[in-house]
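For reference, the structure discussed in these notes is given below.
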Amino acid sequence: MRTLNEVPRRLVIAIGGNAVHPEDISGTSDEQKAVAQQTAEALLPLAELDNELVITHGNGPVVGKIMMRQMLTMSRIPPMSMDICVAHSQGGIGYLLMQAIENVLRAHGNGRHVASLLTQVEVDANDPAFANPTKFVGPFFTEQEAQRISAELNWKMREDSGRGWRHVVPSPKPKHVCDISLVDALVKRGTIVIAGGGGGMPVIRDERGVRTGVPAVIDKDLTSAHIANVLGIEELLILTAVPRVAINFGKPDKRELDHVSLAQIKAYHREGHFPPGSMGPKVDAAIRFLEGGGKRAIISHLNCAMAALTGETGTHIVP
């Protein structure tokens, strides 16, 4: 188990989309500001340390609402492409988190800076994900509502882990985080960097180096793992809505995982314990991070960030 003295100096923290826009809010500006404030307070113990800190965040609920909003007004206002919707969500969420974290730091007499970078992420134009949409975005609906929306907007809708029906979009794997050197330079000078929000704006690059946006939403946990691997950061903290990963979730023999090896978590994954709509992407990211050279991936609740890092809670996955 860790002690407080063993908190890593270099860290990537991935915050889930529902942590910045929970299911139980309607999504007003005041609600989103309040949630950002709560997130900033939860991260304060880490933000106050003398460390190199990169924060990423999900955008699933927000980008889904942006897309629905414009589809419902498309007869009067031309809709934006999906990559621009991702950029809008990345900028808005990044702004709220940046402001909230700096405000909380200032309230505690800390002058540390926070920068939010609009981040393009290259994907493969031939990624099979484009033909098989799996990424859940937007709010939950009943099956009847989903059928109506699918017929009206020509959206693919799918049931999400027993919680309701949601819109699914392509989610290709990240190949390259553009301008990652800027993230590296900022964190090395002590700035807290918010990057790769919503997985990053998905782009492809041609043989001349010209980038073009594509219709997709990249999984933010996979982008987080990629950022950590490229920067040589050995610890990845994935914050979600539960304190630990569990096998047999929702069953009488449910068991929470404390410390688990890479081989064990891969075996549990093959057995189907981690659904694609909930814990699956986080476990995928942890596996990819460790196979890419990472030393520890931790999955825990947002409010338990420091406790997870010191070993008091969380699921710790190691090579």
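Numbers here simply count residues along the sequence, with the first being 1.
More than 12 heavy-atom neighbours from other residues, nucleotides or ligands sit within 6.0 angstrom of NZ on Lys65. More than 12 heavy atoms of other residues, nucleotides or ligands shown are found within 6.0 angstrom of CG on Asp206.
Counting all heavy atoms, side chain and backbone alike, His226 lies closest to Lys175 at CE1-O, 3.2 Å. Looking at every heavy atom in both residues, Ala286 comes nearest to Ile317 through CB-CD1, 3.8 Å. Residues Lys282 and Asp221 approach most closely at CG-OD2, 3.2 Å, considering heavy atoms. Between Phe289 and Arg296, the shortest heavy-atom distance links the atoms CE2-O, 3.2 Å. For the residue pair Ser89 and Asn59, the shortest heavy atom distance occurs at OG-ND2, 2.8 Å. In plain terms, the two heavy atoms of Val123 and Pro174 that are nearest each other are CG1-CA, 4.4 Å.
The shortest side-chain heavy-atom distance between Val177 and Val230 does not fall under the 4.5 Å cut-off. Looking only at side-chain heavy atoms (C-beta outward), Ile66 and Arg69 come within less than 4.5 Å of each other. In this structure the side chain of Trp165 never reaches within 4.5 angstrom of the side chain of Gln147, judged on heavy atoms. Side-chain contact between Val187 and Leu53 is absent, with no heavy atoms from C-beta onward closer than 4.5 Å. When side chains are defined from C-beta on, Tyr95 does not count as touching Ser116, because their heavy atoms never get closer than 4.5 Å. Taking the side chain as every heavy atom from C-beta outward, Glu102 and Arg106 approach each other to under 4.5 Å. Side-chain contact check for Ile192 versus Leu105: some heavy-atom pair is nearer than 4.5 Å. You'll find the side chain of Leu257 stays beyond 4.5 Å of the side chain of Gln264, heavy atoms only.
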Margin query: Could you walk me through whether Asn154 and Met71 satisfy the side chain to side chain contact (heavy atoms under 4.5 Å, CB included) test, starting with their C-alpha distance in whole Å, then the side-chain angles of each, then the deciding distance to 0.1 Å, before giving a yes or no?
Written below: CA-CA 10 Å; Asn154 195 32; Met71 292 303 289; over 6 Å; no

Notebook entry, point to check: Hey, mind stepping through Asp124 and Lys173 against side chain to side chain contact (heavy atoms under 4.5 Å, CB included) and telling me if it holds?
Noted result: CA-CA 8 Å; Asp124 188 340; Lys173 289 182 171 58; over 6 Å; no

Next item on the list: May I have the step-by-step check of side chain to side chain contact (heavy atoms under 4.5 Å, CB included) for Val7 and Asn51, ending in yes or no?
Entry: CA-CA 9 Å; Val7 173; Asn51 58 9; 6.0 Å; no

Note to self: Assess the residue pair Cys85 and Gln70 against the criterion (side chain to side chain contact (heavy atoms under 4.5 Å, CB included)); give the C-alpha distance rounded to whole Å, side-chain angles, the decisive distance to 0.1 Å, and a yes or no.
What the structure shows: CA-CA 10 Å; Cys85 291; Gln70 65 177 14; 3.3 Å; yes

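A side-chain donor-acceptor contact under 3.5 Å links Ser300 to the backbone of Pro243. Side-chain N or O atoms of Arg9 include one that pairs as donor or acceptor with a backbone N or O of Asp50 at under 3.5 Å. The main-chain N or O of Leu11 is never found under 3.5 Å from a side-chain atom of Glu235 such that the two would form a donor-acceptor pair. A donor-acceptor distance shorter than 3.5 angstrom exists from the side chain of His316 to the backbone of Ala308, with no hydrogens or angles considered. With hydrogens and angles disregarded, no donor-acceptor distance shorter than 3.5 Å links the side chain of Arg244 to the backbone of Arg255. Between the side chain of Thr56 and the main chain of Gly197, no donor-acceptor pair closer than 3.5 Å is present. Judged purely by atom type and a 3.5 angstrom limit, Gln120 has no side-chain atom pairing as donor or acceptor with the backbone of Cys178. Checking side-chain atoms of Thr212 against main-chain N and O of Ile204 turns up no donor-acceptor pair under 3.5 Å. Panel note: side chain Ser224, backbone Lys220; a donor-acceptor pair is recorded below 3.5 Å. Judged purely by atom type and a 3.5 angstrom limit, Glu48 has no side-chain atom pairing as donor or acceptor with the backbone of Asn110.
Classification of Lys251 and Asp253 as a salt-bridged pair fails, no side-chain N sitting under 4.0 Å from a carboxylate O. Asp219 has a carboxylate O that lies under 4.0 Å from a charged side-chain N of Lys135, or vice versa, which qualifies the two as a salt bridge.
Using modelled atom types and a 3.5 Å distance limit, the side chains of Thr28 and Asp30 yield no donor-acceptor pair.
Ile180 and Leu222 fall into different hydrophobic clusters, defined by Ile, Leu, Val, Met, Phe, Trp and Tyr side-chain heavy atoms under 4.5 Å apart, directly or through other members. With hydrophobic clusters built from ILVMFWY side chains whose heavy atoms lie under 4.5 angstrom apart, Leu237 shares a cluster with Leu43. Cluster membership for Met279 and Val137, using ILVMFWY side-chain heavy atoms within less than 4.5 angstrom, is not shared. Both Met82 and Val63 sit in one connected hydrophobic cluster of ILVMFWY residues. Membership requires side-chain heavy atoms under 4.5 Å apart, directly or through other members. Met201 and Ile93 fall into different hydrophobic clusters, where Ile, Leu, Val, Met, Phe, Trp and Tyr residues are linked whenever their side-chain heavy atoms come under 4.5 Å apart, directly or through other members.
Distance CE/Met98 to CG/Asn103: 10.5 Å, rounded to 0.5 Å. Distance CD1/Ile298 to NE2/His259: 8.0 Å, rounded to 0.5 Å. One distance of note links CD1 of Ile265 with CZ of Arg270; it measures 11.0 Å at 0.5 Å rounding. Taking SG of Cys304 as the start and CD1 of Ile299 as the end, the distance is 14.0 Å to the nearest 0.5 Å. Of the inter-residue distances, the one linking His57 atom NE2 with Gln90 atom CD reads 5.5 Å to the nearest 0.5 angstrom. Distance CG/Leu302 to OG1/Thr240: 9.5 Å, rounded to 0.5 Å.
Looking at Lys188, Arg189, Arg10 one by one, the single match for side chain to side chain donor-acceptor pair (under 3.5 Å) with Glu52 turns out to be Arg10. Partner Phe136 forms a side-chain contact (heavy atoms from CB on, under 4.5 Å) with one of Arg163, Arg166, Glu159, Met157 and no other, that one being Arg166.
Ring orientation note: the planes of Tyr268 and Phe274 are nearly perpendicular, at an angle over 60° on the 30°/60° scale.
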